[in-house]
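Data block below; observations after.
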Amino acid sequence: MEFNSKQIESRWKTYWEKNKTYQVSHESTKPKFYVLDMFPYPSGAGLHVGHPLGYIASDIYSRYKRLSGFNVLHPMGYDAFGLPAEQYAIQTGVHPAISTDENINRYRQQLDNIGFSFDWDREVKTCSPEYYKWTQWIFIQLFEHYYDVKSNKAEAISALREYFSANGSEGHTAYCEDPISFTAADWAAFSKKEQEDVLMNFRLAYRKTTYVNWCEALGTVLANDEVKDGVSERGGHPVERKPMLQWSLRITAYAERLLSALDHLDWSDSMKKMQSNWIGKSTGARLFFDIKDSDKKIEVFTTRPDTIYGATYMVLAPEHDLVDEITTDEQRAEVEAYVKYVGTRSERDRMAEAKEVSGVFTGAYAINPINQEAVPVWLGEYVLKDYGTGAIMAVPSDDDRDHRFAKKYDLKIVEVVDKSAFADASRQDKVGVMINSGFLNGLSVKAAIERMLDEVESRGIGERKVNFRLRDAIYSRQRYWGEPFPITYDKDGLTIPLELDELPLELPELSDFQPAAGGKSPLARNESWVNEKTGLIRETDTMPGFAGSSWYFLRYMDPKNETAFASKEALEYWQDVDLYVGGTEHAVGHLMYSRFWHKFLYDKGLVPTDEPFKKLINQGMIQGVIEFLYLKKEKENGQSVFVSKDLVEKGTEEQYAKIPVFVDFVTDYGLETSHLNANGLEQFIAWRPEYKNARFETASGPWSAGQTEAIKFYTLSEVGKMSKRYFNVVNPDDIVEKYGADCFRMYEMFLGPIEQSKPWDTKGIDGVSKFIKKFWGLFFNEGGLQVVDTEPQKEEMKILHTCIKKVSSDIERFSFNTCVSAFMVATNELKKIGSNNKTVLEQMVVLIAPFAPFLAEELWSNLGQEKSVFEANYPVFDEKYLVEDSINYPVSINGKKRAVASFDANATKEDIEKMVLELEEIQKWIEGKTIRKIIVVPKRMVNIVVG
RNA sequence: GCCGAAGUGGCGGAAUUGGUAGACGCGCUGGAUUCAAAAUCCAGUUCUGGCAACAGAGUGCGGGUUCGAUUCCCGCCUUCGGUACCA
């Protein structure tokens, strides 16, 4: 009987749907297990073969857990708000809701093709009002709370309001960056607006001025992604940093908890490290420098208070509030030009430009608070406004960047640490002995830091401080396709949130998605919506992509609840995510925000756990091969000229643009010899008609349309993202169509370790396809089912249990590629001995079911079972079938293998030492040499050391 | 620049705690079957030398620790991901 994947798949898809095989409930006596995938953004390109990699792995794990007796929650949904749908709408006029819906339908079909065990009754879409009602609600909760550093959790803002009215600011324990001071009488005298402005410094969701990428020519705010080399990617227009009043989330209040809780998570060390570096805790001092001829002070944070004597100048961020005020008239023109220049630079570029620093002198001087020396105040782009205080004390002797800056602008350098005892110490290493530092002289760096901290505090020029690199999350987007803020403002600018019964605040209909005047969200143009409530106007910005994705895993627990984001019962039962599978690209963004929201909800008693994701597995990216043609940037006599890769000389690449070509046109794609032949070139110009008159230069002369002789126009192959823009997307549908879903699933796993990135290559899939047919062939011959129901042979049980042992332990350690190998080995061996024993094969079916669910169901029912194979129990490994009488020992001389010898499994070390020396193959190696040592590792190996 | 990861045959990869480097699969070579091909089956396949037995080299590069290193340590190189408004 032939294996027919299409028939089998449609039969079992129908069966699963009809019998609700994957539906789960929290009303269960079984132990729970929650397996979650990072839900996809439904892009217009559809799923490519990279997306399902993690889904297949988590599906295997879910099915394995289910067979092992757990009640497994395994849901799927869509992160459906986002920029691409909006850009598509601007280009084509298609409403984002429509294109998103189409994309979701396509994704769903593609996912269904692969045979996942998702409980689709729990699907969530972040763009549906039933869902974002609760995103908005959580936002309002954040707005209504502050972080209390004493109780170490979020508290109601109403409590803080009461405190202020009774006590003023004195002794309050609310987290805030900039201390403010007022009395109860002041508070009472404040206008309502002034009181609210004060409270904005404490709310977990608050408004402040932050910077955006502003593109005047396009009249819009751009994402960092849309800015390349300081200009807009579309059109190449200049982009500048522009201040805007925007909503932010005070994630910094949770920095310490986000950091310390990492210890208890079962995440990879590298992932924890990335998170902890992102939070970036450092201990040091907050210091104030007086400004000469001014009553203002410059606040800095330093981790090296020991080096204050070496602080010979200061650097402010060009956006620093004091810049305007302290700049002298002689320097003003230069400063203004510099500030303008820095406005065109991206934050990334400013930080990355380590070799070439830039800056300008403000003309002002600050007073070093320790030695009262006047030091010049400079501006430098390497100091960022939003990081720390936006100002630094520069110590050129002990900091690389400060040193380069001082060298370039000829500023004073005073050596303050003698590192002569540490030859290979770098400039910033905290080692050595203090010199030229007054009362610190002679102290070690470590002791000097402590001594100076004491001094700073006793003199009242600063204080000890813990600083975090983590910044508050900017939460406003000047876009249409996102959650509307449930916020209105009155005529005084007072912020008034909506009530629960007014939620969800739905996105209004719009037909034009261009930004409104002044870079505002398109919503601002819908005046009837903006002014819907009498006397109040609505916030027109929308929430960012991470809003909906910060809590979706909770909604899956109870996705249809209309009175709460999820019921207490569901939350109590499902608790948290036991296994979360997703890409490292979310290492800091999504995972950090989700943890923050979760901790906030935990503080409010709304979720039962402090952390959302117990265990995290990162799947690597499946990359594509991108094929480029070299096109000369300059046209020749008005004609475009493409040049074969072998004719492009090294070092001249800059003269060429790299034009990606549809990979299907390319012969030998991905290889060094990748090229377009005459047919490929014809396809290329048919596809890109703007190049139909172009010249194609190859080593054997130029090619032009119509020429058919053998020609090789070499292309450049690079490994990179699989993406629509590179025309290299491989669709899983095509693979499933050709080889079947089971084969696709197993091949994706077979490609390599789940956490590793690797380029997709369809070539190897035949091996897995052959394997599946071979496995099927163990059960059937031409006549039909051929299994015997007799007592299994010892050899058969050994093959089975070797496989059980390998597969179950490898699933537990997420090594799915080696599981596939183990199935191949077992199948080859069973076939070799001609086994078709029913007991053995039955267990093999259950074993393979998580990997190849369709195949397993079909075989299971053929073996006479009436229920789904997923109602079965997972096979249990029994050591007794693997016991060996003798063991093969490799025998090495000085670590190099020279022979293999078989010894009794019970042989002692001494026996083996003796027997080894008698081996014939070993004689010639030890002849005439002294045996210095014999190392016997029982059941592993022998090494003879001779000399 | 900074943070994180990876680098093993022609290719994807295996080697779980420092103990037989190359499991399994692709590709390739030879053979069987076939009028022929596809499919299937059998054998071989790290490189160098050799008919062979065998010998030498070998896990990105350079050092180190060890009886023994793909695995641990130090220093580099290359590629990938993130770098706060792509998702």
Side-chain angles (χ1 to χ4, degrees), chain A residues 38 40-43 79 81-84 87 212-213 221-227 268-271 273-278 280 347-355 382 386 400-401 424 469-479 544-546 549 583-590 592-593 618 620-621 623 670-671 718-721 747 750-753 755-761 763-768 770-771 773 809-810 813 815 817-818 820-825 828 888-900 932-935 937 940-947:
Chain A
M38 287 184 186
Y41 174 80
S43 85
D79 185 13
F81 275 132
L83 202 45
Q87 282 168 335
V212 295
N213 300 315
V221 175
L222 296 177
N224 287 338
D225 215 44
E226 300 173 289
V227 183
S268 70
D269 288 341
S270 60
M271 190 62 51
K273 210 166 209 166
M274 271 194 263
Q275 288 236 329
S276 107
N277 289 340
W278 186 261
E347 251 186 30
R348 176 107 38 102
D349 288 340
R350 285 170 59 177
M351 284 188 289
E353 216 75 60
K355 295 204 175 82
Y382 72 96
D386 290 329
D400 268 330
R401 263 187 315 194
D424 44 0
R469 200 184 75 102
L470 183 72
R471 314 202 299 240
D472 280 345
I474 300 169
Y475 201 69
S476 291
R477 301 291 183 265
Q478 293 68 38
R479 310 276 180 196
F546 68 80
S549 62
T584 32
E585 65 270 26
H586 301 288
V588 280
H590 161 64
M592 193 70 81
Y593 298 130
N618 292 113
M621 279 205 175
Q623 292 148 331
L671 304 178
E718 278 181 10
V719 169
K721 273 193 179 144
Y747 183 58
F750 190 57
L751 277 176
E755 70 277 8
Q756 220 164 85
S757 292
K758 55 237 153 189
W760 174 263
D761 186 356
K763 280 196 213 94
I765 200 169
D766 279 331
V768 176
K770 273 187 224 167
F771 154 75
K773 286 186 191 129
S809 71
D810 282 2
R813 64 186 186 102
S815 174
N817 54 331
T818 52
V820 180
S821 304
F823 285 125
M824 289 173 169
V825 171
N828 289 342
N888 282 335
Y889 280 83
V891 183
S892 302
I893 307 290
N894 291 343
K896 186 91 189 163
K897 188 184 83 175
R898 296 300 177 188
V900 179
R932 299 202 187 278
K933 207 186 214 176
I934 302 179
I935 292 142
V937 182
R940 281 229 179 251
M941 49 71 68
V942 180
N943 188 19
I944 305 170
V945 186
V946 299

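In the text below, chain A, chain B and the rest are named by the order of the sequence lines, each starting its count at 1.
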query = If the sugar-phosphate is the primed atoms plus P, OP1 and OP2 and the base is the rest, what is the B/S/- string for nucleotides 22-33 of chain B, using protein heavy atoms under 4.0 Å?
reply = -BBSS-------
query = In B/S/- notation, 5' to 3', how is nucleotides 57-63 of chain B contacted by protein heavy atoms closer than 4.0 Å?
reply = -B-----
ask   = What does nucleotides 65-87 of chain B look like as a protein-contact string, B for base, S for sugar-phosphate only, - for none, at under 4.0 angstrom between heavy atoms?
value = --BS-----------SSSBBBBB
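Taking atom C1' on both B/U34 and B/G25, the two are 27 Å apart, rounded to the nearest angstrom. Here the separation of B/C80 from B/U8, taken at their P atoms, is 15 Å to the nearest Å. Rounded to a whole angstrom, the distance from the P atom of B/U17 to that of B/A6 is 14 Å. Remark: the separation of the P atoms in B/G18 and B/A69 is 14 Å, to the nearest Å. If you take atom C1' in B/U70 and the same atom in B/G19, they sit 13 Å apart, rounded to whole Å. Nucleotides B/G82 and B/G75 have their P atoms positioned 27 Å apart, rounded to a whole Å. Between B/G12 and B/G64, the distance separating the two C1' atoms is 33 Å to the nearest Å. Using atom P as the reference point in both B/A55 and B/U66, the two lie 28 Å apart (nearest Å).
The 5' end of RNA chain B is approached more closely, in terms of each residue's nearest nucleotide, by A/M271 than by the other of A/M271 and A/R813.
The CD-P distance, from A/Q756 to B/A15, rounds to 11 Å in whole Å. Atom CD of A/E755 and atom P of B/A6 are 8 Å apart (whole Å). Rounded to whole Å, atom P of B/C2 lies 16 Å from atom OH of A/Y382. Counting to the nearest Å, the P atom of B/U46 and the NZ atom of A/K897 are 13 Å from each other. The nearest whole Å value for the distance from the CZ atom in A/R350 to the P atom in B/C2 is 19 Å. Following rounding to the nearest Å, A/K773 (NZ) and B/A39 (P) show an atom-to-atom distance of 10 Å. Rounded to whole angstrom, the span from the CG atom of A/N618 across to the P atom of B/A5 amounts to 11 Å.
Residues passing the side chain to side chain contact (heavy atoms under 4.5 Å, CB included) test with A/S276 are A/L259, A/L262, sequence neighbours excluded. Listed by chain and number, the residues in a side chain to side chain contact (heavy atoms under 4.5 Å, CB included) with A/E755 are A/P753 (sequence neighbours excluded).
The backbone N or O of A/A587 sits nowhere less than 3.5 Å from a side-chain atom of A/T584 that would complete a donor-acceptor pair. The backbone N or O of A/M621 sits less than 3.5 Å from a side-chain atom of A/S757, completing a donor-acceptor pair. Side-chain atoms of A/R479 never come within 3.5 Å of backbone atoms of A/G82 as a donor-acceptor pair (strictly under, hydrogens ignored).
Between A/R898 and the phosphate of B/G56, there is a side-chain N or O to OP1/OP2 separation shorter than 4.0 Å.
In RNA chain B, consecutive stretches of 3 or more Watson-Crick or G-U wobble pairs with both distances under 3.5 Å are given as paired ranges: B:1-7 with B:77-83, B:10-12 with B:24-26, B:27-32 with B:40-45, B:46-49 with B:54-57, B:60-64 with B:72-76.
Rounded to the nearest 0.5 Å, atoms CZ (A/R471) and CH2 (A/W278) are 7.5 Å apart. In this structure, the separation between CG on A/N817 and NZ on A/K758 is 7.5 Å, given to the nearest 0.5 Å. Rounded to the nearest 0.5 Å, atoms CZ (A/F771) and OG (A/S821) are 10.0 Å apart.
Across A/R401 and A/Y382, no two heavy atoms sit closer than the pair NE-CD1, 3.7 Å. Nearest heavy atoms, A/R469 versus A/N277: NE-O, 3.3 Å. Heavy atoms only, all atoms of each residue included: A/R940 and A/Y889 are closest at N-CE2, 3.7 Å.
Residues A/T818 and A/D810 bring a donor and an acceptor atom of their side chains to less than 3.5 Å of each other.
Nucleotide B/G9 carries a syn base; the chi torsion (O4'-C1'-N9-C4 or O4'-C1'-N1-C2) is within 90° of 0.
A/N894 is listed as a side-chain neighbour of A/V945, based on a closest heavy-atom distance under 4.5 Å. In this structure, A/L751 and A/W760 have side chains that are in contact, with non-hydrogen atoms separated by less than 4.5 Å.
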key: Step-by-step side chain to side chain contact (heavy atoms under 4.5 Å, CB included) determination, A/H590 to A/F546   = CA-CA 6 Å; A/H590 161 64; A/F546 68 80; 5.9 Å; no
